[in-house]
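Quick notes on the structure that follows.
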Amino acid sequence: MRLRRTLPFVAGLVLLAGCAPTQSAPAGAGGDDKTGTLRVWLFDEANRAPKEAVVKEAIGEFKAAHQGVEVDVQWVPVEGRADKFSGAFNDPANAPDVAEFGNTDVSNYAATGALADLTGDLTAWTEGKDLIPTVLDTAKSGGKTYGLPWFTGIRALYYRTDVFAELGLKPPATLAELTGHARTIRAAKPDLYGIAVGGKYTYAMLPFLWANGGELARDSGGKWTSAITGEQAKAGVTQYATLLKDDICPPAQCANLTGTQSVTAFAGGKAGMTIGGDFNRKAVEQGAVKGKYAVVPLPGTTPGSVAPAFAGGNLLGVFAASKHRSLALAFTELLGSAKYQDKMYTAMGNLPTLGSVQQKLAANDPFLKPFVDTLKAGTKFVPATPAWSKIDSQNVLPTAVQQIATGRKDPAAALADAAAAMNKAFG
């Protein structure tokens, strides 16, 4: 999930699970009434007006095509989503027909039995073939698809063009070169972080792990086990933790930084680089570095390669208890259509999940190209299991990164502890 401006990534969520609820009562049986009121839950935003305007336009179009139907939208604060969704899971009579939720919450929500399986519906949807496969994968749990990906959030490397020009640097071609550039910047300009990253910025660390060939966990017949003690995973985590050093981003200031705080430092002119999302554009544009930055894909370990990015984002799903199954699906597909994904990008900067819309927007907006290129190069996702919420909420990976960065533990010991915590959560 990539939480937007309502929370500090998180993302954004990127965004983050960790407070997803569990079910203590079975989901109710649904129905397929063709009239009445469709209840819709959408996430609130710090600046909701543009999003609300697009949704109102979609509602007008939907009502015109479905006589006798009303649409009631409730705006759900992201930070309060756990209690809100838990109530819906435990009391189907109060559940919405359609809801927006983060993709890191999919497995947890699917396990409650409260979400409708949309696998066949999206296969039959006329625009379904345009959904980017790696993004669609983030909507799946147990081989079934529980939501229509509404937008995705991808991170890339933001860098200061003025600082790079002054120091004679070119955008790094590898992660090792990125580290070298960060040291050069810090040495030449000690008032700047070479790169602003944080010990609590998991979604900046994961590309380092994946680029080095590591994995978070492995699934064997539905049984997940941690893989972070593997040599490749250890190399990736250690490479990231190396950025949290006095000669790049001092641990005293950076060990506790989140993603939002890392991007804020860059936007405020306090860093030569950062790892940020397409969704961070507005914050950077409003900062001190406006007109003095550019974005490229985060490089991999070899020249020309791109580090796999975490595919964050939000979905639109249908509750199994909905009494308006067909209407709920139709409204979901309308909001998720090319027409309204385009409008949501214009309104909120949300990166579409339909390939044709992405390509059209990228052709007209050069800023999007590095994010689209990163997506095309291949993304990765967190383990598709409800246990990930517990692992995330317990700060298992951030703790390991912080221990390595501050020298409290060597990489092997820190990751062994993290693996034990992960395996306990996996059960």
Side-chain angles (χ1 to χ4, degrees), residues 1-5 11-14 40 42-66 71 73 75 98-103 118 121-122 124-136 138-139 147-156 277-285 295 309 311-317 328-376 379:
M1 176 180 187
R2 194 258 310 148
L3 306 185
R4 294 187 57 84
R5 305 151 182 63
L13 240 182
V14 222
V40 179
L42 299 176
F43 284 150
D44 204 354
E45 307 282 351
N47 178 22
R48 191 176 79 201
K51 178 178 182 178
E52 188 168 12
V54 173
V55 172
K56 283 184 176 179
E57 182 180 347
I59 289 173
E61 180 176 335
F62 186 76
K63 289 173 63 177
H66 298 86
V71 180
V73 175
W75 298 96
V98 176
E100 176 184 1
F101 49 93
N103 58 14
L118 301 184
D121 301 294
L122 295 185
W125 183 37
T126 55
E127 299 188 54
K129 291 182 175 58
D130 200 21
L131 285 167
I132 297 167
T134 53
V135 175
L136 184 59
T138 70
L148 190 165
W150 197 16
F151 64 86
T152 188
I154 299 296
R155 290 171 180 78
D278 54 282
F279 43 86
N280 293 129
R281 180 181 191 174
K282 184 174 291 186
V284 175
E285 279 289 305
V295 185
N314 285 6
L315 317 171
L316 295 170
L329 179 64
F331 188 71
T332 295
E333 292 178 346
L334 179 64
L335 274 185
S337 67
K339 176 180 179 179
Y340 284 99
Q341 285 201 21
D342 193 331
K343 289 178 179 292
M344 283 298 293
Y345 172 76
T346 301
M348 303 298 296
N350 294 346
L351 189 62
T353 60
L354 296 170
S356 62
V357 185
Q358 273 196 9
Q359 294 302 323
K360 184 187 79 170
L361 293 173
N364 296 321
D365 187 353
F367 172 84
L368 280 184
K369 188 177 186 302
F371 300 102
V372 172
D373 287 348
T374 298
L375 192 58
K376 288 168 62 177
T379 58

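Keep in mind it's a predicted model, so treat the numbers as computed, not measured.
- The shortest non-hydrogen separation linking Trp125 to Gly336 is CH2-O, 3.4 Å.
- Nearest heavy-atom pair across Met348 and Lys51 is SD-N, 3.6 Å.
- Of all heavy-atom pairs between Val295 and Pro370, the closest is O-CG, 3.5 Å.
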Full working for side-chain contact (heavy atoms from CB on, under 4.5 Å) between Phe43 and Arg48: CA-CA 9 Å; Phe43 284 150; Arg48 191 176 79 201; over 6 Å; no
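- With sequence neighbours excluded, the residues forming a side chain to side chain donor-acceptor pair (under 3.5 Å) with Glu61 are Lys339, Tyr340, listed by chain and number.
- In terms of the salt bridge (Lys or Arg N to Asp or Glu O under 4.0 Å) criterion, Glu333 has no residue partners (sequence neighbours excluded).
- A distance-only check finds a donor-acceptor pair linking the side chain of Thr353 to the backbone of Pro149 [under 3.5 Å].
- Here the closest heavy-atom approach between residue Phe331 and residue Val40 is recorded as CE2-CG2, 3.8 Å.
- Atom NZ of residue Lys343 and atom CG of residue Asn350 lie 14.5 Å apart, to the nearest 0.5 angstrom.
- For the pair Gln358 (side chain) and Val372 (backbone), a donor-acceptor distance under 3.5 Å is absent.
- Put simply, the side chain of Val135 does not reach to within 4.5 Å of the side chain of Thr379, judged on heavy atoms.
- Expressed to the nearest 0.5 Å, how far CG of Leu315 lies from CG of Leu148 amounts to 8.0 Å.
- Within the 4.5 Å cutoff, the side chain of Val55 has heavy atoms near those of the Trp75 side chain.
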Worked check of side-chain contact (heavy atoms from CB on, under 4.5 Å) between Phe151 and Met344: CA-CA 9 Å; Phe151 64 86; Met344 283 298 293; 5.8 Å; no
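- A distance of 11.5 Å separates CD1 of Ile154 from CG of Asp373, quoted to the nearest 0.5 Å.
- Heavy atoms only, all atoms of each residue included: Ala338 and Glu127 are closest at N-OE1, 2.8 Å.
- Between the NZ atom of Lys376 and the CD1 atom of Ile132 there is a distance of 10.0 Å, given to the nearest 0.5 Å.
- Under the 4.5 Å side-chain criterion, counting only non-hydrogen atoms from C-beta, Leu335 is in contact with Trp150.
- Taking NZ of Lys129 as the start and CG of Leu136 as the end, the distance is 12.5 Å to the nearest 0.5 Å.
- Nearest approach of Ala139 to Gly147, heavy atoms of both residues: CB-O, 3.4 Å.
- Of the inter-residue distances, the one linking Thr346 atom OG1 with Gln341 atom CD reads 12.0 Å to the nearest 0.5 angstrom.
- Remark: the backbone N or O of Gly312 is paired with a side-chain donor or acceptor of Thr152 at under 3.5 angstrom.
- Counting only distance, with no hydrogens or angles, the side chain of Asn314 and the backbone of Glu100 share no donor-acceptor pair below 3.5 Å.
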